[in-house]
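Reading through the structure tokens given below for one structure.
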2 protein chains.
Amino acid sequence: MASPTNLKQLSAHLGLSQTTVSRALNGFPEVSEKTRQRVFEAAKHYNYSPDSKAKRLATGRSMTIGHLVPISNEHEMVNPVFADFISGASARYAESGYDLLLSLVADHEEISAYTRMASRSNVDGVVVHAPKINDHRIKLLNSLDLPFVVHGRSSGVKEDYNWVDVNNERSFFAATEHLINLGHRQLALINGLPDMDFAMRRSAGFQRALNAHGIAANDFTITSGEMTEPYGYESTQLLLQSDTPPTAILASSIIVANGVRRAITNAGLTLGQDISVLAHDDDLSYFRNDGDTPEFTVIRSSVREAGRLTADLLLSSIENQNTEKKGILLEAEFVQGNST
Amino acid sequence: MASPTNLKQLSAHLGLSQTTVSRALNGFPEVSEKTRQRVFEAAKHYNYSPDSKAKRLATGRSMTIGHLVPISNEHEMVNPVFADFISGASARYAESGYDLLLSLVADHEEISAYTRMASRSNVDGVVVHAPKINDHRIKLLNSLDLPFVVHGRSSGVKEDYNWVDVNNERSFFAATEHLINLGHRQLALINGLPDMDFAMRRSAGFQRALNAHGIAANDFTITSGEMTEPYGYESTQLLLQSDTPPTAILASSIIVANGVRRAITNAGLTLGQDISVLAHDDDLSYFRNDGDTPEFTVIRSSVREAGRLTADLLLSSIENQNTEKKGILLEAEFVQGNST
DNA sequence: GCCCAAATCCAAAGCGCTTTGGATTTCACC
DNA sequence: GGTGAAATCCAAAGCGCTTTGGATTTGGGC
């Protein structure tokens, strides 16, 4: 007999009904331990596992989580932070048998992408990446009745929603204060794109610290841009050429900080001496900034951990049918390095 | 009447059979243009699209491509190169209505992950990432009869398979020769992990050029490691401390090159003057190395483009039922920068 | 008006699983 | 040995779609 390839054949082969085999495999109590063993062995021997397409249709659950990653219209960039975030989330999904569906979607296609995903019901829930201020996706998803968790938050949004975020305002406040306490009076923040919620919060924390210490508006600068290495480089170059160059720079990511360092050393200055740099550190695996005395002083928060927590929150809200929304706020850790 | 949510309700609502509505939506010729319009309008109005779970079961095609990304056992890293690769592939999938299933799998779970994926048939094909020398996944996938394309190649493997690779041997040969022609006689290659196929080929190209120019074995060094920024930094530090420090360094990626540069400038040396650096450049969106005179001299090959080509090859081999295997070899482009 | 092919539509089977509702067997207990 | 509950198993319906095979309608040519 050819190796049984589906439930029908397998159960015929075993002299059992499909019901019994299905129940045996899915751990139902209505089947004796003896036959369960027999079923398991046969399944293993013939390398059988239930067709996921059929299983999903029968159960009505697609057992997959969608990650809809927005693509910047112009530059088609995928933030490398994303790789580490996914890696955290993926581990959690695997535990519960969920698949991870990745979809890169251009800004102007977002609404249709989410709506289609909901009406075709090929995901049980989604993760919202890179929320903007007043992000319309949240309202949309609530109205679509599709469970979701936002990685970050969106100020201005009235509705309740699940989110996992790092306390950007607070950590950038603390970081700025740290620099001020070191004696710096000319500061610059090299920030992300201004419509991003996290960038807004960082900028708010930055300015709150400046206000608290009475630093005037013409003694600091804030730049905005996609957080690439060249962006860090070019912004710093411009800052250094200004009439009142900053003595301390806050970088919105380690990658940006790499560009900042390049500009500083290219200008013949010494990092941590002529000019201080403090960065936000997502603890990216390809840019570890650790050791006894790390290169950069940072405020660190593992984005991989955020990924794991996001996945966890999403799965539990799906499986417990929670209507109650939850927010998880992570606190970044201050790490003294050589750059301040 | 409540908004129709499935085929049955929609066709009842329209006074048509499910067959006709299904055919109208799927563009079959057996339905008049008039009713097709009527169906389309209703579908749009009620925001109906066929349930993907049911569609997939009925058609027997899961309309998804799996990307199985190996995770380094120890460090749990996800290469940021991956983000750009995916972004290229994703665009191609979207064109043909395929979903992208992302699965991070630890080395020791690879066999079971692939086997399970095949027996549950929840993907129509897979992309193999980061092939090693003599990679066992190729044989496995061939025996599982699951269409696949390898991003890279695997020397030592006898069987035929689809692949998309950049000509690493040739470009590292050329790069090395370029450095030798500039007068360098002490060279170092900061390479990837030694069991990786691409690393082996790069090392081969490097050594072929050295041999061709009669450079002795003690006049060059090759290091191996996970291609992170700190790896580039530490390797370079060690090289600089040696008795015969290299005058030129070949870096296996732009990210490594960032670490190399850090070590060089930290040592008080000037990049491109005291020491030359030439890197492989995947054209990562967050590390663009362009402009009039790019920072680094590089051999460049867009990994995003490789992603697109990989996806294209995979889809066409799935849809045309090709048994004929195909290899696509990309040539890297030499770009003169400031670092040599 | 008639005929036949083309155009248009439909009823029902089937994809491979889960699950309902019920039938049959086992077994401890009196 | 008889009884009833627990244990064990099964037939059949159903998930929402596609697709086969056939029925019905339309329309051009004589």
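No experiment lies behind these values; they were computed from the predicted model shown. Naming: A, B, ... by sequence-line order, numbering from 1 per chain.
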Report task. Verify side-chain contact (heavy atoms from CB on, under 4.5 Å) between B:T310 and B:F85, making sure each step is shown before the conclusion. Result -> CA-CA 9 Å; B:T310 300; B:F85 182 88; 3.6 Å; yes
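Distance CZ (A:R120) to P (D:dT18): 11 Å, rounded to an integer number of Å. Counting to the nearest Å, the P atom of D:dT18 and the CD atom of B:Q18 are 10 Å from each other.
Between A:K55 and C:dT18 there is a side-chain polar atom (N or O) within less than 4.0 angstrom of OP1 or OP2. Using a 4.0 Å cut-off, no side-chain N or O of A:T19 falls inside it from OP1 or OP2 of D:dA12. Under 4.0 angstrom from either OP1 or OP2 of D:dC17 there lies no side-chain N or O belonging to B:K8. Distances shorter than 4.0 Å separate some side-chain N or O of B:T20 from OP1 or OP2 on C:dC10. Dashed line: the shortest gap from a side-chain N or O of A:T35 to OP1 or OP2 of D:dT8 is not under 4.0 Å. Contact annotation: B:Y48 reaches the phosphate of D:dC17 (side-chain N/O to OP1 or OP2, under 4.0 Å). Taking 4.0 angstrom as the limit, A:S17 places a side-chain polar atom (N or O) nearer than this to OP1 or OP2 of D:dC10.
Mapping A:T5 and B:P29 onto DNA chain C by nearest heavy atom places B:P29 at the nucleotide closer to the 5' end. In terms of position on DNA chain D, the residue among B:R23 and B:S49 whose nearest nucleotide sits closer to the 5' end is B:S49.
As judged by a 4.0 angstrom heavy-atom cut-off over every strand, B:S22 is placed among the base-contacting residues.
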